[in-house]
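Here's the structure, in structure tokens; my notes come after.
In the text below, chain A, chain B and the rest are named by the order of the sequence lines, each starting its count at 1. The analysis underlying the following values was restricted to heavy atoms, covering all of them including side chains, and did not include hydrogens, waters or symmetry mates.
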Number of protein chains: 2
Amino acid sequence: MSGKGYVKNPMDREWNDSQPIYRQVRDRVVAMILDGVLKEGDPLPSVRNVAAEYRVNPLTVLKGYQELVDEQLVESRRGRGMFINAGARNLLLRGERQKFLVEQWPTIHATIQRLGLTPEELLEAAAGKTRPPSDAAEEKKKS
Amino acid sequence: MSGKGYVKNPMDREWNDSQPIYRQVRDRVVAMILDGVLKEGDPLPSVRNVAAEYRVNPLTVLKGYQELVDEQLVESRRGRGMFINAGARNLLLRGERQKFLVEQWPTIHATIQRLGLTPEELLEAAAGKTRPPSDAAEEKKKS
DNA sequence: TATGCTGTTATATATAACTATAACACTAGC
DNA sequence: GCTAGTGTTATAGTTATATATAACAGCATA
């Protein structure tokens, strides 16, 4: 059990523990398409490159990419690479909006209500200000 | 292969596929505490009852409950049950707020921006109206 | 004591996610 | 042809999640 260690990557601060990596890979590409970083016809970063850069198994990246193929967002050309399909962004703008509104937002909204979070707090947090609850509980003094 | 089937429950519409059941069990109890459905000193529904009601393995429920014990939100008394600790709600209001604002909200906010969702759409969806993109709402401009 | 609730532990198994390593298949450029 | 870059498949092993089944341990009460 100890010989050939199976050690988790120290580099996975990049990854969210609450979701499989391959789905996060998929979501990252989706975000890049929506943000216009990847345009239609563009090649995706190669499976091996991404795997190396993020210290992840190539198969895991491939699995994420395959989901995009199944969603008809990208096309795979053996020996050449994977490429963003035409119409990918529009397809996403429709699909992801609906998916978010139906599957995620209701739960999120309930949580916000439950925690009594105000729009002000949310906007502040979104702006990058990780403000502590303003009373005590502040021991991270970096001078 | 077919003999002693290992079949997934048909009843798990109750459960979200994107997160382990035991964590959803934990989150449900947390929600009940925050909502005041479960007050301090109250007993949690028994492991076996929950398991039966939701058609889930008792061990899975126990695992979710154990997380609550580890978070010092509930206390386990062998032979009697598990009980909400004093101060549980306050502890949650601080902890869960911070956790949400730091770990979840930034990503969610980015997604909302990316999809160009307006406050109106979000409020509508939260109100339960799972309405497909209406034709009239196409000309919305960000203010 | 006996019964019937609680939480808890022990075995064994199934499936999904991730990994390491290696090989195969295709394309482009030298 | 050779090589280096793509995607793809194959084998095998680890960990996490969830299951089925059974037993153990403590408490309350008739």
Would you say a side-chain N or O of [X] is under 4.0 Å from OP1 or OP2 of [N]?
X: A:Y22; N: C:dC18; result: no
X: A:T60; N: C:dC18; result: no
X: A:K63; N: C:dC18; result: no
X: B:S76; N: C:dG7; result: no

For the side chain of A:R48 and the base of D:dG7, is some donor closer than 3.5 Å to an acceptor across the two?
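Yes, a donor-acceptor pair under 3.5 Å.
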
Tell me the interatomic distance from [X], atom [atom1], to [N], atom [atom2], rounded to whole angstroms.
X: B:L68; N: C:dG7; atom1: CG; atom2: C1'; value: 14 Å
X: B:N16; N: D:dA18; atom1: CG; atom2: C1'; value: 16 Å
X: A:R23; N: C:dC18; atom1: CZ; atom2: P; value: 9 Å
X: A:R78; N: D:dG7; atom1: CZ; atom2: P; value: 11 Å
X: A:L59; N: C:dA20; atom1: CG; atom2: P; value: 10 Å

Can you list, in residue-number order, the parts of residues 24-32 of chain B that come under 4.0 Å of DNA chain C, counting heavy atoms only?
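Correct list: empty, so none.
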
Counting any heavy atom closer than 4.0 Å, what does A:Q66 reach on the DNA or RNA strands: base, sugar-phosphate only, or nothing?
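The residue A:Q66 makes sugar-phosphate contact but no base contact.
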
Closest approach to the side chain of A:N49, judged atom by atom: which nucleotide of C:dG7, D:dT6, D:dA18 is it?
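Of the candidates, D:dT6 comes closest.
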
Contacts under 3.5 angstrom, residues 100-112 of chain A side chains, donor-acceptor by atom type, not counting sequence neighbours:
unit_1 : atom_1 : unit_2 : atom_2 : d
A:W105 : NE1    : B:L122 : O      : 2.9
A:H109 : NE2    : A:Q113 : NE2    : 3.3
A:T111 : OG1    : A:T107 : O      : 3.0

